[in-house]
There are 2 protein chains.
Amino acid sequence: MPQSPHPAPLRLATFLPFRLSVLSNAVSQRIAELYDREFGLSIWQWRVMAVTADTPGISATEIGQRTQMDKVAVSRAVAGLIEMGYLERRPSTDDARRSNLVLTPAGLGIYELIVPLALAEEAQLVTALSDKEQAELARLMGKLAKAASPERDLW
Amino acid sequence: MPQSPHPAPLRLATFLPFRLSVLSNAVSQRIAELYDREFGLSIWQWRVMAVTADTPGISATEIGQRTQMDKVAVSRAVAGLIEMGYLERRPSTDDARRSNLVLTPAGLGIYELIVPLALAEEAQLVTALSDKEQAELARLMGKLAKAASPERDLW
DNA sequence: CGAAATTAGTTACATATGAAACTATATTCT
DNA sequence: AGAATATAGTTTCATATGTAACTAATTTCG
């Protein structure tokens, strides 16, 4: 009986979780650097701005759901944005615990400046793929997301 | 002239950097939890073990290159593994600054326990995709990696 | 050879992050 | 009603992480 001297090989470079992590970090870092350099925003602050622009009056909890941020992270990002004058907290009339969050005019202003830059950065990335490949990638990622957390509906 | 009331839309849910980040986090978290729960290892310690098993006598710097970890992270992971008795530092004879790192028998033992679990976890994930889809995903990720950091050769 | 510049790796410090505790309000249940 | 439970959001505390400074050994080059 062989003593299985080299049981199962595991090459990190072909291991999907590793590759995903490295790729995601490389992409995130590029984008984070852009937001920070140009506007002094963290990625989390940017995410909060994006969903608030999309849904004015959103609550912190809802932001957490949409952005996959935990509530502490949302709380901190919101606090930072308010301090910068980009976000405003409006107490909800029907539930005193929650606030309705809206971008200030200043916030909306820089949001509109960032959007095209963010889209351009993304475009530079996905332009490496044909339209068909982009669609396929989105589809495959959707499947993986479902396999990775079936309970939570990620997107 | 229209006053462009809704300049460019940006839906986070379709924005590639966001999706990549969320997917990668979901996957990493599952795996990290496994390594930590079963063996008390961080993802970084696991990565160090994996490349050291693959290339016994590797140096910290080389580990950093292969795993995309910065040297501080490598240093800390190595220190932890040595403390746990899984890794051994052998001073290099021809360069006193570097150490040749090797797994101890204990380290090799748990490495061999982890590998099948890690592969099983990955399998559970990628089984959502056909072989052909898996290959396609790998190809698309490779293209993106190149577009995201052309300078550094990620894999 | 020997000063200057490089490289391997660690340490220190400042910041980021997550888990758990906490405050305040709302809801449920008897 | 009012006690028990749950929810929104913040604060605290302990840990993780990155940048920069540092030590020690090596290489480069006048």
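Worth knowing before you read on, the calculation uses all heavy atoms, side chains too, and leaves out hydrogens, waters and symmetry mates.
Note on A/S42: nothing from the nucleic acid sits closer than 4.0 angstrom, heavy atoms only.
Both A/T93 and A/V72 lie near DNA chain C, and the one whose nearest nucleotide falls closer to the 5' end is A/V72.
When distances are taken from the side chain of A/R97 to each of D/dT7, C/dT7, D/dT19, the shortest belongs to D/dT7. Set against D/dG9, D/dT11, C/dT25, the side chain of A/T61 has D/dG9 as its closest nucleotide.
Using a cut-off of 4.0 Å between Lys/Arg side-chain N and Asp/Glu carboxylate O, A/R98 and A/E62 are scored as salt-bridged.
Counting to the nearest Å, the P atom of C/dG9 and the CG atom of B/D95 are 8 Å from each other. Between B/D94 atom CG and C/dT7 atom P the separation is 17 Å, expressed in whole Å. Between B/D70 atom CG and C/dA16 atom P the separation is 17 Å, expressed in whole Å. Separating the NZ atom of A/K71 from the C1' atom of C/dA24 is a distance of 13 Å, rounded to the nearest angstrom. For the pair A/Q29 CD and C/dA16 P, the interatomic distance rounds to 15 Å; values are reported in whole Å. As a whole-Å value, the separation of B/W44 CH2 from C/dT17 C1' is 12 Å. The distance from atom CZ of A/R98 to atom C1' of D/dA6 is 17 Å, rounded to the nearest whole Å. We find that CZ of B/R76 is positioned 14 Å from P of C/dC13, with the value rounded to whole Å.
When the side-chain nitrogen and oxygen atoms of A/S75 are compared with OP1 and OP2 of D/dG9, none of them lie within a distance under 4.0 Å. B/R89 has a side-chain polar atom (N or O) that falls below the 4.0 Å cut-off from OP1 or OP2 of C/dT10.
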Pairs under 3.5 angstrom only: tabulate donor-acceptor contacts from the side chains of residues 69-83 of chain A to other protein residues two or more places apart or in another chain.
| from | atom 1 | to | atom 2 | distance (Å) |
| --- | --- | --- | --- | --- |
| A/D70 | OD1 | A/V72 | N | 2.7 |
| A/D70 | OD1 | A/A73 | N | 3.1 |

Tabulate below the donor-acceptor pairs under 3.5 Å that side-chain atoms of residues 135-148 of chain A make, not counting sequence neighbours, or state none.
| from | atom 1 | to | atom 2 | distance (Å) |
| --- | --- | --- | --- | --- |
| A/E136 | OE1 | A/R139 | NE | 3.2 |
| A/E136 | OE2 | A/R139 | NH2 | 3.1 |
| A/R139 | NH1 | B/E133 | OE2 | 3.2 |
| A/R139 | NH2 | B/E133 | OE2 | 2.7 |
| A/K143 | NZ | B/E133 | OE1 | 3.4 |
| A/K143 | NZ | B/E133 | OE2 | 3.4 |

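B/W46 and B/Y111 have parallel rings, their planes meeting at less than 30° on a 0 to 90° scale where 60° marks the start of perpendicular.
Side-chain contact check for A/R47 versus A/I43: some heavy-atom pair is nearer than 4.5 Å.
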